[in-house]
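Residue numbering restarts at 1 for every chain, and letters A, B, ... go by the order of the sequence lines.
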Protein chains: 2
Amino acid sequence: MANIKEIAKLAGVSVSTVSRVLNNHPYVREEKRARVLATMKQLKYARNMNAVHLITGRTMNIAIMLPFINHAYFSLLMEGAGQEALAASYRLILCQTGYAQDKELEVLEMLRNREIDGIIILSSAVTPEQIEAYCPYGPIVCCLDAGERLFSSIYINHAEAFRRAMHYLIDRGHRRIGFTVGRLDSPSTRARKTAYEEVLKEIGEPYREEWILDGCIDLEDGAAIMNRLMDMRERPSALLVTGDHVAAGLIYEAEKRDISIPQELAVIGFDNQPIGKMLGLTTIDNRLLDMGSEAFKIVYAHIQGERKDPVRKELPFELIERSSV
Amino acid sequence: MANIKEIAKLAGVSVSTVSRVLNNHPYVREEKRARVLATMKQLKYARNMNAVHLITGRTMNIAIMLPFINHAYFSLLMEGAGQEALAASYRLILCQTGYAQDKELEVLEMLRNREIDGIIILSSAVTPEQIEAYCPYGPIVCCLDAGERLFSSIYINHAEAFRRAMHYLIDRGHRRIGFTVGRLDSPSTRARKTAYEEVLKEIGEPYREEWILDGCIDLEDGAAIMNRLMDMRERPSALLVTGDHVAAGLIYEAEKRDISIPQELAVIGFDNQPIGKMLGLTTIDNRLLDMGSEAFKIVYAHIQGERKDPVRKELPFELIERSSV
DNA sequence: TTGTAAGCGTTATCAG
DNA sequence: CTGATAACGCTTACAA
C-alpha cells in the first residue's frame with residue numbers, strides 16, 4: 001500500500017509537496033500538482049488517516065453517549081446531531097451505555113485518549129462532577145440543564161414545561177393530576193417532581209406518591225399504565241406523560257377498555273413525535289431535533305476554537321393543543 | 001500531557017517496559033510494573049490511541065452505513081449491532097447517507113483510509129460492484145442478499161416472505177391484493193415485485209401497477225395510503241405493508257374513516273415492531289435485532305482473522321398471526 | 001514555490 | 001525479563 005514517500009519519489013517531488021497537494025495548500029506549481037495527482041491515482045494511493053490524526057491531534061470524531069439506541073427520543077436527538085455532523089464532515093461515534101457508569105466513563109476516557117474530539121451526552125448516569133473531570137481534554141455538551149458547569153448544556157426548562165402543562169389541565173377543570181416518568185432518579189424527573197408539588201400546593205391539592213408512575217419508557221409501558229390506574233381506588237382525571245410513545249400506548253389501551261379520552265382521562269404527552277400527532281395527542285414540543293443539532297454545533301464551535309467558555313442555552317418549548325385534553 | 005517516554009524516564013525503565021505494562025504483556029517484573037503504574041497515575045498519563053492505531057493498523061471502529069437515523073427499522077438493526085459492539089469493545093461510527101451516493105462512497109473511502117476496520121451496510125444506493133471495489137481494504141457486510149459477492153451478506157429471503165404472506169391472504173379468500181414499498185428501485189422491492197407477479201399468475205389474477213403503493217416509509221405515509229385507496233375505482237381487499245409503522249398509520253387512518261380491519265381491508269405488516277403488536281397487526285418477523293448483531297459478528301470475525309471468505313447467511317423469518325387479516 | 005528534517009506517541013524487533 | 005532502536009505515515013517549521 002503506497003504511502004506519501006513513494007508518491008513523492010515516483011512523481012519526482014518531495015514529500016512536503018505531496019502533502020501540500022493532499023491538503024489543497026496554495027503554492028504548488030500546477031504542473032507538479034497534476035503529476036502528484038496522477039501518481040496517486042496510478043498507485044491507488046490511500047491516505048492513512050491515523051497518521052494524520054496523530055500529527056494533528058484531531059480525529060474528526062465526536063462521541064454521542066446515550067443509554068439506548070432503539071428509542072424514539074434518542075433517535076430524534078441523534079438525527080439532529082447527525083445532520084450537522086454530516087454537514088461539518090464530522091463523524092458520530094455511537095456509544096450505547098445502558099446507563100452503566102463504567103461504560104459511560106469509558107466514553108469519557110476516549111476523550112482523554114484523543115480518540116474523539118468532543119462528546120455529546122444525550123443522557124447519562126454519571127454525576128456532573130465526574131463529567132467535569134474530563135473537561136480539560138475537550139468540549140462536552142449535555143442535553144439537559146446541569147447548571148453552571150465546566151461543560152456546556154443545551155436544554156429545555158423541564159420544570160417550566162411541566163408547570164405549563166399542569167396549568168393547562170387545571171384551567172380546564174382538572175385537579176386530580178398524575179404523571180409518568182422514565183427513571184425516578186433522573187434530573188428531569190426531579191425537576192418535574194418539584195414542579196408537581198409546587199403546583200399542587202398552589203391549588204390546594206394533596207400530593208399523592210401513587211400518582212407518580214415510574215418506569216414508563218416505551219409504548220408497552222404506556223399500555224401497562226392502564227392496569228395500574230384501574231387498580232387505584234381513586235384515579236387521576238389527567239395524566240402528564242413523559243414521551244409521546246408512552247402516551248400512545250396509554251391511549252390505545254384506554255380505547256380498548258372503552259375509557260374515553262379526554263372525558264374520562266385527559267393526557268398530555270412530551271416530545272411531539274409523529275405518533276402523537278396521528279393520535280391527536282396534546283403534547284409539549286421540546287425541540288429534540290433542534291436540540292441535537294445545537295448540541296453538535298456547540299461542540300463543533302469549541303473544537304474550531306471559535307468559542308472558549310462553556311455554553312448554557314435554553315431552548316423554548318411549545319405546548320401543542322390537540323384533542324387529548 | 002505526559003507520554004510513554006516521560007513515564008519511562010520517571011519510573012527508571014525503558015519505553016518498551018512501559019508499553020508492556022500498558023498492554024498487559026507478561027515478562028515484566030512485578031516491582032517495575034508497580035512503579036510504572038504509579039508513575040502513570042502520578043502524571044495522569046493518557047494513552048494517545050491515534051499512535052496506537054497508526055502502528056497497529058487497527059482502529060477498533062466499524063462504520064454503520066444507513067440512510068436515516070430516525071427510523072424504527074434502522075434503530076432495531078443498530079441496536080443489535082450496538083450491543084455486540086459494546087461486548088467486543090468496538091465502536092460504531094454512525095454514517096447517515098440519505099441514500100446519497102457520494103456520501104456512501106465517502107464511507108467506503110474511510111475503509112481505504114484506515115479510519116475504520118470494517119463496514120456494516122444497513123441499506124445503500126451504491127451498486128454491489130462499487131462495494132466490491134473496497135473489499136480489499138477490509139470486511140464489509142450488507143443486510144440484504146446481494147448474491148455471491150466479495151463481501152458478506154446477512155438477510156432474510158424477501159421474495160419468500162412475500163410469497164408466504166400472499167398465500168396466507170389467498171388461503172383466507174383474498175384475491176385482490178396490493179402492497180406498499182419504501183423505494184421502488186430497492187433490491188428488496190424488486191424481489192417483492194417478482195414474487196407478486198408470480199403469485200398473481202398462479203391464482204390467475206391480473207397484475208395491477210396501481211396497487212403497488214410507493215414511497216411508504218413512515219407512520220404518516222401509512223395514513224396517507226388511505227387517501228390513495230379511496231381514490232381508486234377498484235380497491236384491493238388486502239395489503240402487504242412494508243414496515244409495521246406504515247401499517248400502524250394505515251390502521252389508524254382506517255379506524256378514523258370507519259373502515260373495518262380486517263373485514264374491509266386485511267393488512268399484513270413487516271418488521272414485527274412493538275407498535276404492530278399493540279395494534280394486533282399480523283406481521284412478518286424479519287429478525288432485525290438478530291440481523292444487526294449477526295452483521296457485527298460477521299465483520300468482527302473477519303477482523304479477528306477467524307474467517308477469510310465472505311459469509312452469506314439467510315435468517316429465517318416468521319409469520320406472526322394476529323388479528324389484522 | 002520547493003525541499004529537508006524534525007517530530008507526533010506508540011509498538012515491534014532483536015539483541016542481550 | 002529488559003532496553004535500544006527502528007518503524008508507522010503524515011504535517012509543518014525552517015531554510016532555500
Side-chain angles (χ1 to χ4, degrees), chain A residues 1-37 39-40 43-61 109-117 137-138 305, chain B residues 1-37 39-40 43-61 109-117 137-138 305:
Chain A
M1 224 151 266
N3 60 23
I4 211 182
K5 222 167 161 178
E6 296 180 47
I7 301 291
K9 199 193 295 176
L10 230 93
V13 297
S14 73
V15 289
S16 4
T17 299
V18 178
S19 175
R20 286 187 190 104
V21 171
L22 233 29
N23 294 287
N24 291 314
H25 277 286
Y27 304 134
V28 178
R29 191 172 306 170
E30 208 37 65
E31 172 225 328
K32 291 204 176 183
R33 180 189 306 277
R35 212 157 67 222
V36 169
L37 253 19
T39 314
M40 282 181 179
L43 262 61
K44 295 191 181 180
Y45 171 74
R47 181 145 61 161
N48 187 325
M49 293 309 291
N50 295 310
V52 179
H53 295 161
L54 173 58
I55 193 93
T56 61
R58 285 239 208 131
T59 62
M60 309 293 277
N61 283 156
E109 280 293 329
M110 287 173 73
L111 189 61
R112 223 165 81 89
N113 295 339
R114 301 170 192 82
E115 288 185 87
I116 49 177
D117 298 345
Y137 307 112
Chain B
M1 224 151 265
N3 59 22
I4 211 182
K5 222 166 162 179
E6 297 180 45
I7 302 290
K9 199 194 296 178
L10 230 94
V13 298
S14 73
V15 288
S16 334
T17 299
V18 178
S19 176
R20 286 189 188 103
V21 172
L22 232 28
N23 294 287
N24 291 313
H25 278 287
Y27 306 136
V28 179
R29 192 173 305 170
E30 209 37 65
E31 171 224 329
K32 291 203 176 183
R33 179 189 306 277
R35 211 158 68 222
V36 168
L37 254 19
T39 314
M40 282 181 181
L43 263 60
K44 296 191 183 180
Y45 171 75
R47 180 145 59 160
N48 187 325
M49 292 310 290
N50 294 313
V52 178
H53 295 162
L54 173 59
I55 193 90
T56 60
R58 286 242 209 128
T59 63
M60 310 293 277
N61 284 155
E109 280 293 327
M110 287 173 72
L111 189 60
R112 225 165 81 87
N113 295 339
R114 301 169 192 80
E115 289 185 86
I116 49 179
D117 299 345
Y137 308 112

Asks: Taking the minimum atom-to-atom distance to the side chain of A:Ser19, which one of C:dT2, D:dC8, D:dT11 wins?
Replies: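 The answer is D:dT11, which lies nearest to the side chain.
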
Asks: First locate atom CG of B:Asn50, then atom CD1 of B:Ile55, and finally report the distance between them rounded to the nearest 0.5 Å.
Replies: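 Between atom CG of B:Asn50 and atom CD1 of B:Ile55 there are 13.5 Å.
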
Asks: Could you tell me, to 10°, how much the axis swings from one end of the helix from C:dT1-D:dA16 to C:dG16-D:dC1 to the other, five pairs per end?
Replies: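 Overall, the helix from C:dT1-D:dA16 to C:dG16-D:dC1 bends by 30° from one end axis to the other.
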
Asks: Within the pair B:Asn3 and C:dG9, is there a side-chain N or O less than 4.0 Å away from OP1 or OP2?
Replies: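 Answer is yes, contact under 4.0 Å.
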
Asks: Once you round it to whole Å, what is the distance between C1' of D:dA7 and CG of A:Asn48?
Replies: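 Roughly 13 Å, once rounded to whole Å.
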
Asks: Can you tell me how far apart CE (B:Met49) and CG (B:Leu54) are? Round to the nearest 0.5 Å.
Replies: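 Here the rounded value is 12.0 Å.
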
Asks: Flag the pair A:Thr17 / A:Val28 as yes when at least one side-chain heavy-atom distance between them is below 4.5 Å, and no otherwise.
Replies: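 Counting from C-beta outward, A:Thr17 and A:Val28 do come under 4.5 Å.
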
Asks: Scan B:Ala8 against the nucleic acid and name what it touches under 4.0 Å (heavy atoms): base, sugar-phosphate only, or nothing.
Replies: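 No contact.
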
Asks: Given D:dG9, C:dG9, D:dT2, which nucleotide is nearest the side-chain atoms of B:Ala51?
Replies: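 Nucleotide nearest to B:Ala51's side chain: C:dG9.
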
Asks: Looking at B:Lys9 and B:Glu6, does any basic side-chain N land under 4.0 Å from a carboxylate oxygen?
Replies: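 No, no charged N to carboxylate O under 4.0 Å.
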
Asks: Tell me which one of B:Leu10, B:Ile4, B:Ile7 satisfies side chain to side chain contact (heavy atoms under 4.5 Å, CB included) with B:Met40.
Replies: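 Per the side chain to side chain contact (heavy atoms under 4.5 Å, CB included) rule, the option paired with B:Met40 is B:Ile7, out of B:Leu10, B:Ile4, B:Ile7.
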
Asks: Could you check how far CZ of B:Arg33 sits from C1' of D:dT2, rounded to whole Å?
Replies: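 Answer to the nearest Å: 13 Å.
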
Asks: Please enumerate all protein N or O atoms sitting under 3.5 Å from an N or O of nucleotides 3-6 of chain D, with distances to 0.1 Å.
Replies:
unit_1	atom_1	unit_2	atom_2	d
D:dG3	OP1	B:Lys32	NZ	3.4
D:dG3	OP2	B:Ser14	N	3.2
D:dG3	OP2	B:Ser14	OG	3.4
D:dG3	OP2	B:Thr17	OG1	2.7
D:dG3	N7	B:Arg20	NH1	3.4
D:dG3	O6	B:Arg20	NH2	2.7
D:dA4	N7	B:Ser16	OG	3.4
D:dA4	N6	B:Ser16	OG	2.6

Asks: Report the C-alpha separation of B:Met60 and A:Glu115 in whole Å, then their side-chain angles, then the decisive distance to 0.1 Å, and conclude whether the side chain to side chain contact (heavy atoms under 4.5 Å, CB included) test is met.
Replies: CA-CA 10 Å; B:Met60 310 293 277; A:Glu115 288 185 87; 5.7 Å; no

Asks: Write down the distance between NE2 (B:His25) and C1' (C:dT13), rounded to a whole number of angstrom.
Replies: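 So the NE2-C1' distance, B:His25 to C:dT13, works out to 12 Å.
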
Asks: By the 4.0 Å heavy-atom rule, please label A:Val18 as base, sugar-phosphate, or nothing.
Replies: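 Nothing, no heavy atom under 4.0 Å.
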
Asks: Specify the separation, in whole Å, of atom CD of A:Glu30 and atom C1' of C:dT2.
Replies: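 My rounded result for the distance is 15 Å.
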
Asks: Given B:Ser19 and B:Asn23, is the side chain to side chain contact (heavy atoms under 4.5 Å, CB included) satisfied, shown in steps?
Replies: CA-CA 6 Å; B:Ser19 176; B:Asn23 294 287; 3.4 Å; yes

Asks: Between P on D:dG9 and CG on A:Leu43, what's the gap in Å once rounded to a whole number?
Replies: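 These atoms are roughly 14 Å apart.
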
Asks: Of A:Arg114, A:Met110, A:Glu109, which is the lone residue that meets side chain to side chain contact (heavy atoms under 4.5 Å, CB included) with A:Arg112?
Replies: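 The side chain to side chain contact (heavy atoms under 4.5 Å, CB included) with A:Arg112 is passed solely by A:Glu109 among A:Arg114, A:Met110, A:Glu109.
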
Asks: Separation of A:His53 atom NE2 from D:dC8 atom C1', in whole Å?
Replies: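 In whole Å, D:dC8 C1' lies 15 Å from A:His53 NE2.
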
Asks: OP1 or OP2 of C:dT10 less than 4.0 angstrom from a side-chain nitrogen or oxygen of B:Arg47, does that happen here?
Replies: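 Looking at the OP1 and OP2 atoms of C:dT10, neither is under 4.0 Å from any side-chain N or O of B:Arg47.
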
Asks: Which sits closer to the 5' end of DNA chain C, B:Leu54 or A:Pro26, going by the nucleotide each is nearest to?
Replies: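 The residue closer to the strand's 5' end, by nearest nucleotide, is A:Pro26.
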
Asks: Measure from CG on A:Asn113 to C1' on C:dC8 and round the result to the nearest Å.
Replies: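 From A:Asn113 CG to C:dC8 C1': 16 Å.
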
Asks: What heavy-atom pair brings B:Leu111 and B:Gly138 nearest, and what distance separates the two atoms?
Replies: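 Reported closest heavy-atom pair: CD2-O, 3.7 Å.
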
Asks: What's the CZ-P distance between B:Arg114 and D:dC8, to the nearest Å?
Replies: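 Roughly 11 Å, once rounded to whole Å.
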
Asks: Under the side chain to side chain contact (heavy atoms under 4.5 Å, CB included) criterion, do B:Leu22 and B:Tyr45 qualify, and how do the steps go?
Replies: CA-CA 11 Å; B:Leu22 232 28; B:Tyr45 171 75; 3.6 Å; yes

Asks: What's A:Asn23 touching, base or sugar-phosphate or nothing? Going by heavy atoms closer than 4.0 Å.
Replies: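 Touches sugar-phosphate only.
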
